[in-house]
Each structure stands twice: as structure tokens, then as C-alpha cells.
Amino acid sequence: MSDFKQLHVSALMGANWEAPDWQQLETTRKGEWLLEAHSMTERLQACCATLDVEVLGLHQCDMETLTSSERELLGHEGCLVREVVLSGDNMPWLCARTLVPMSTLTEKEEDIAQLGAVPLGQRVFTQANARRDAIEVATVIVKGQALLARRSRLWVNNKPMLVSELFLPHAPIYQEEG
Ligand code: VNL
């Protein structure tokens, strides 16, 4: 699994994030996935019988290691880094890396550091004031294959976190338009 992590997490970290072309994307199936403003967990769950989360990594990073765009989106702060792979019916669908600033992990949000196999979306979107903004998209080449990715900021109780998601080859986003 650690080769998998190395390959996909570094691909996410090296992505060239760009503002989405909303008008063009909104009309496509891929675009609906990439621009999903509500819970990606729920959207994935609707496509399978069992959605499993495996935690690949959980560590802290200093604010010096954040990129300039990460600092612009989150502020100048150390973060908890959570890396997971989500599988739908035992097929790997999504690799996600989330940066959670230390000031977000306070009060009712302290438990976000200990989610384990509970999907982040399940935790965040039960909160009435959860919202997503700053959606960006990228195409990332992994082993010669072009994969879709997105990055977005989630807010819980007005505290931010930054989620990067890489859609793996078997993910429903690539299934034919029906
Ligand atoms: C997580 C991150 C889950 C991003 C997600 O969907 C996601 C997580 C289920 O860290 O649990 O899109």
C-alpha cells in the first residue's frame, strides 16, 4: 500500500490547480462530479453497496511546509494532514489528502483528528453550516494515465480545511455518460 500512497499522494501534491470552467463543466457528467458542492461521500455512496475508508497517513505539518496557495486558502498555520483511500465495493475510487489547520481542530471539531475510517464528508456535512468554496480542478498523470482531481475548501463552524481528491481509474466519474 505504501507504493500506492507514494504515487497518488505525491501526484495530488504536485497537481497544477486551476479555476474550473463552470459553464463548460456544468453540462457534463464529469463536471457534475468535479463541481459537487455537497458531500462527495454521499455521491460515492450512491454508486456502491459499501464505501470503505482506509487511512494511509495522519501527521502534522509546520506552516513552512505549506505551499503559497495552501497558505492563501487556510492562513499561516500548522496543519493536521489526513490521507485516505476510499473504495467502493472494494475497488479503489478516490485518494484524498486533507489539510486541517490546528485552529480548526478546536471545540466541537476536535474529533476530526480521530475520524479513523469514518469518512470526512459524513462528519462535516451533518453540520448545518457546512459549506464548500474555492473549487479548483486539475488533470494529473499517474503511470501514464490522465486522472481527474479537484481541490476545495470546506468550512465547518466557519473554520476551514482544504481537501484534495484524486479520482482513481475505477471511479464512477469515468463511467460513460448515460
Ligand atoms: C475523506 C476525504 C473522505 C475526502 C471523502 O469522501 C473525501 C476523508 C468520502 O478523509 O475521509 O471526498
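Hydrogens, waters and symmetry mates play no part in the numbers below; they use all other heavy atoms, side chains included. Predicted model only: the values in this text are computed from it and were never measured. For ligands, and for the atoms within them, numbers begin at 1 and follow the listed sequence.
- A cation-pi arrangement is found for Arg43 relative to Trp33, the charged atom lying closer than 6.0 Å to the ring centre and inside a 45° cone about the ring normal.
- Counting atoms of ligand 1 from 1 in the listed order, those under 4.0 Å from a heavy atom of Ala96 are 2 (C), 4 (C).
- Closest protein heavy atom to atom 7 (C) of ligand 1: Glu165 OE2, 3.2 Å.
- Note on Glu64 versus Arg71: no salt bridge recorded, every NZ/NE/NH1/NH2 to OD/OE distance being 4.0 Å or above.
- Residue His8 is tested with Leu168, Leu94, Leu56 for a side-chain contact (heavy atoms from CB on, under 4.5 Å); the sole match is Leu168.
- For Leu120, a nitrogen or oxygen atom sits less than 3.5 Å from a nitrogen or oxygen atom of ligand 1, counting backbone and side chain alike.
- In summary, the atoms of ligand 1 found under 4.0 Å from a heavy atom of Val163, numbered by their order in the structure, are 4 (C).
- With salt bridges taken as basic N to acidic carboxylate O contacts below 4.0 Å, none links Glu110 and Lys159.
- Between the side chains of Arg82 and Thr98, no donor-acceptor pair of N or O atoms lies under 3.5 Å.
- The residues Lys5 and Glu83 are annotated as salt-bridged, a charged nitrogen and a carboxylate oxygen being separated by less than 4.0 angstrom.
- Nearest to atom 6 (O) of ligand 1 among the protein's heavy atoms is Thr41 OG1, 3.1 Å.
- Proximity of Leu115 to ligand 1, defined as any heavy-atom pair under 4.0 Å, is not found for any part of the residue.
- At a 4.0 Å heavy-atom cut-off, ligand 1 touches Arg82 through the side chain alone.
- On a distance-only criterion, Thr98 and ligand 1 share no N/O pair closer than 3.5 Å.
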